[in-house]
Amino acid sequence: MNRYDAIVIGTGQAGPSLANRLASAAMRVAVIERGHFGGTCVNNGCTPTKTLVASAYAARLARRAADYGLEVGPVKVDMARVKARKDALVDRSTKSLESWLRGLNNVTVYVGEARFRDAHTVMVGAQTLSAERIFINVGGRPHVPDLPGVRQVPYLTNESMMGVDFVPPHLVIVGGSYVGLEFGQMYRRFGSRVTIIEMAPRLVSREDPDVSDAIRDILAAEDIAIRLEAKCLALEAAPEGVRINVDCQIGAPSVAGTHVLLAVGRVPNTDGLGLREAGIETDERGYIKVDETLATSARNVYALGDCNGRGAFTHTAYNDYEIVADNLLSGAARKVSDRIPIYGLFTDPPLGRVGRTEAEARREGYPILIGRMPMTDVARAREKGETQGFMKVLVDARSKEILGAAILGVGGDEAVHSLVDAMYGHLPYTVVQHGVRIHPTVSELIPTMLGELTPLT
Ligand SMILES: Cc1cc2nc3c(=O)[nH]c(=O)nc-3n(C[C@H](O)[C@H](O)[C@H](O)COP(=O)(O)OP(=O)(O)OC[C@H]3O[C@@H](n4cnc5c(N)ncnc54)[C@H](O)[C@@H]3O)c2cc1C
């Protein structure tokens, strides 16, 4: 039996920082990783996709060179080099994380699959580890839906897409949400024909309809085919590669492509962990149930990151680490419910989102003031020749606090942060409105937008 003060399972976005902080507080820490160090974000999520998005953006800009008064020859995408650039970035991140972890005082790294024997004992292969405190940071994996034919045809997921070093002639993407849209636009720009199939009546249906519609228009303008309300999906082999029956209300009843990417959500990596033996409860979808401090139903066992179902982003996983570490080591009383939702969709232009959607604000009964501005009104967007999209902000008419915002436009993923501090500080929107911004930036139009609020009926 190897005894520690703490065991951290998984090296995603919470585990490594937590291990370091615990070890710095003189605790003896075991860290267990079964796959690539760094988890989803580093290996097949944020880092590689945003690296590929950057290559796709460069290809698009090169094709638009004439719009800027430049002449370039025909644009050729060398997918092997695009992939090599991505691999180099991923490789550097994962290797440096592993060597950093291995070099930390008080930290012992185990490579292998962890499984609970009881709430304070974990098996890794033949080794038994025990600790008073255990931190679960096991993340998730792509959901493969049980569609008819799915076992009979080859399909790609965000993980296997990382190995693609060619341009698929026709990529059919099942799932019109964040992951599907990023891959769809990127591969269209690399030269694939792309069809996106979505079961809901609109893309990214968690967003407001005006956001969904604007994103659809942006993608359609790049000749990405979009099939909505696809019901009764089924896959079968076809001469081209794969045929997907979509049974849509409008349009052809099936789509044939050379490759299919399944981008229909994620499942937590909790099924093989032995949670029942440890008395750790999960919900019906397998997410570990946690309280406001991320404590599970077993004493001194915490769940952080995607596996607790309280966030699905790198920054939420990292914030989980901060909450747990500050509460345990600094006597803080931080809660996960203090976190304001914030995230990006990294299409081009990107969507930056913070707080409530219009639908959520209405549901919660707020009297709403709304400000809206097309990106064509933003000088910086015009100067850059990137005027697609719009921004909108929602304000509580009573308290004057900002309820939420969406900025779909060039720099929207950065500009949306101008609102965050005022939201955390519960400041009235007038504080943001009266603050002077740099010209010419996208953010400088936020005060203007806040000066033109109207009641949302
Ligand atoms: C295509 C894609 C793009 C994304 N882009 C973004 C983005 O731009 N921005 C953003 O904020 N988020 C993005 N995300 C989400 C982000 O990647 C995740 O929210 C984040 O990685 C979650 O981190 P985590 O720490 O919860 O788990 P993970 O990063 O998934 O790490 C979990 C780790 O635990 C290990 N593990 C699992 N089970 C065991 C076990 N039994 N024993 C030992 N080890 C185990 C795994 O091998 C893995 O290394 C993206 C996700 C995808 C799929």
Side-chain angles (χ1 to χ4, degrees), residues 7-19 30-54 86 90 93-94 97-98 101 109-116 122-125 127 129 134-143 156-162 173 175 177-184 186 261-275 278 286-288 290 294 303-321 324 341-347 350-353 413:
I7 297 173
V8 175
I9 306 175
T11 64
Q13 295 304 308
S17 304
L18 182 62
V31 174
I32 311 169
E33 174 54 59
R34 72 173 183 191
H36 296 296
F37 284 72
T40 306
C41 182
V42 171
N43 293 286
N44 41 51
C46 339
T47 306
T49 55
K50 268 80 263 183
T51 307
L52 294 170
V53 161
K86 181 268 292 176
V90 169
S93 300
T94 186
L97 176 66
E98 180 174 358
L101 269 176
V109 172
Y110 291 82
V111 172
E113 173 129 12
R115 190 181 164 88
F116 280 92
V122 169
M123 305 294 300
V124 191
Q127 310 209 62
L129 280 52
I134 301 190
F135 303 91
I136 309 170
N137 177 218
V138 292
R141 59 181 186 273
H143 171 53
L156 293 155
T157 66
N158 71 285
E159 292 181 1
S160 46
M161 282 300 287
M162 293 302 128
I173 300 176
S177 202
Y178 308 89
V179 171
L181 299 190
E182 288 182 15
F183 275 112
M186 141 202 337
L261 164 63
L262 298 179
V264 285
R266 308 203 27 98
V267 287
N269 287 326
T270 52
D271 35 358
L273 258 182
L275 295 179
Y287 289 97
I288 299 173
V290 288
L294 306 171
L304 302 87
D306 284 11
C307 68
N308 66 23
R310 301 295 292 261
F313 301 100
T314 281
H315 46 277
T316 49
Y318 189 80
N319 182 238
D320 284 359
Y321 138 67
V324 169
I342 184 162
Y343 52 88
L345 162 67
F346 295 92
T347 47
L351 169 69
R353 276 271 302 113
D413 50 339

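We count ligands from 1, going down the list as the structure has it; atoms in each ligand are counted the same way. Keep in mind it's a predicted model, so treat the numbers as computed, not measured. Just so you know, residue 1 is the first one in the sequence shown, and it goes up from there. The basis for the numbers below is simple: all heavy atoms, side chains too, and nothing from hydrogens, waters or symmetry mates.
In terms of protein heavy-atom proximity, atom 52 (C) of ligand 1 is closest to Gly45 CA, 3.7 Å. Taking atom 13 (C) of ligand 1 as the reference point, the nearest protein heavy-atom neighbour is Cys46 SG, 3.4 Å. In terms of protein heavy atoms, atom 8 (O) of ligand 1 is closest to Lys50 NZ, 2.8 Å. Nearest to atom 37 (C) of ligand 1 among the protein's heavy atoms is Val138 O, 3.2 Å. For atom 15 (C) of ligand 1, the nearest non-hydrogen atom of the protein is Ala312 O, 3.5 Å. Of all protein heavy atoms, the one closest to atom 20 (C) of ligand 1 is Thr314 OG1, 3.8 Å. Among all non-hydrogen protein atoms, the one lying nearest atom 21 (O) of ligand 1 is Cys41 N, 3.2 Å. Atom 39 (C) of ligand 1 has as its closest protein heavy atom Arg34 CD, 3.6 Å.
For ligand 1, the atoms sitting less than 4.0 Å from at least one non-hydrogen atom of Gly12 are 25 (O), 28 (P), 29 (O), 31 (O), 33 (C), numbered in the order shown with element in parentheses. Against a heavy-atom cut-off of under 4.0 Å, Gly139 is close to the following atoms of ligand 1: 26 (O), 27 (O), 28 (P), 30 (O), 32 (C). Residue Gly39 approaches ligand 1 through these ligand atoms, each under 4.0 Å from one of its heavy atoms: 29 (O), 31 (O), 48 (C), 49 (O). Counting atoms of ligand 1 from 1 in the listed order, those under 4.0 Å from a heavy atom of Asn44 are 1 (C). Each of the following atoms of ligand 1 lies closer than 4.0 Å to a heavy atom of Gly140: 30 (O). Close approach of ligand 1 to Arg266 (heavy-atom distance below 4.0 Å) involves ligand atoms 53 (C). Close approach to Gly112 involves these atoms of ligand 1, each under 4.0 Å from a residue heavy atom: 42 (N), 43 (C). For ligand 1 and Ile32, the ligand atoms under 4.0 Å from any heavy atom of the residue are 43 (C), 44 (N).
Taking every heavy atom of both residues into account, Ala14 and Asn137 meet most closely at N-OD1, 3.4 Å. Between Val179 and Ala263, the shortest heavy-atom contact is CG1-CB, 4.1 Å. Of all heavy-atom pairs spanning Ile288 and Ala303, the tightest one is CG2-CB, 3.7 Å. Closest non-hydrogen pair, Gln13 versus Cys41, comes out as NE2-CB, 3.5 Å.
You'll find the side chain of Thr157 reaches within 4.5 Å of the side chain of Ser160, heavy atoms only. Within the 4.5 Å cutoff, no side-chain heavy atoms of Leu97 are placed close to those of Val42. By the 4.5 Å heavy-atom criterion applied to side chains, Phe183 and Thr49 are counted as neighbours.
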Acceptor/donor pairs from residues 32-39 side chains to any protein atom, 3.5 angstrom cut, sequence neighbours excluded:
from  : atom 1 : to     : atom 2 : distance (Å)
Glu33 : OE1    : Thr11  : N      : 2.9
Glu33 : OE1    : Thr11  : OG1    : 2.7
Glu33 : OE2    : Gly35  : N      : 2.6
Arg34 : NH1    : Glu113 : OE2    : 3.2

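Contact annotation: for His36 versus ligand 1, heavy atoms closer than 4.0 Å belong to the backbone alone. Here Thr316 has no heavy atoms under 4.0 Å from ligand 1, in either its backbone or its side chain. In Leu273, the part holding a heavy atom less than 4.0 Å from any atom of ligand 1 is the side chain. With a 4.0 Å heavy-atom cut-off, ligand 1 is reached by the side chain of Phe346 but not by its N, CA, C or O. The backbone and the side chain of Asn137 each have at least one atom closer than 4.0 Å to an atom of ligand 1 (non-hydrogen atoms only).
The shortest N/O to N/O separation between Asp306 and ligand 1 falls below 3.5 Å. The shortest N or O to N or O distance between Thr40 and ligand 1 is under 3.5 Å. Looking at Phe313 next to ligand 1, an N or O pair under 3.5 Å apart turns up. Considering backbone and side-chain atoms alike, Glu182 places every N or O at 3.5 Å or more from each N or O of ligand 1. Between Glu33 and ligand 1, a contact under 3.5 Å exists for at least one N or O pair. Below 3.5 Å of separation, one finds an N or O of Ala114 facing an N or O of ligand 1.
The NZ atom of Lys50 sits 10.0 Å away from the CG atom of Asp413 when rounded to the nearest 0.5 Å. Expressed to the nearest 0.5 Å, how far CD of Glu98 lies from OG of Ser93 amounts to 13.0 Å.
In this structure, Thr40 contributes its side chain and Gly45 its backbone to no donor-acceptor pair below 3.5 Å. No donor-acceptor distance shorter than 3.5 angstrom exists from the side chain of Asn44 to the backbone of Asn158, with no hydrogens or angles considered. Within the 3.5 Å criterion, the main-chain N or O of Met162 finds a donor-acceptor partner in the side chain of Lys86.
Between Phe313 and Tyr343, the two ring planes are parallel [angle under 30°; tilted spans 30° to 60°].
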Begin with the C-alpha distance, continue with both residues' side-chain angles, and end with the deciding distance and a verdict on side-chain contact (heavy atoms from CB on, under 4.5 Å) for Asn319 and Arg310.
CA-CA 11 Å; Asn319 182 238; Arg310 301 295 292 261; over 6 Å; no
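Residue contacts with ligand 1 leave out Val124, since none of its heavy atoms falls under 4.0 Å from the ligand.
For the side chain to side chain donor-acceptor pair (under 3.5 Å) test, no residue two or more places apart in sequence or in another chain qualifies with Tyr318.
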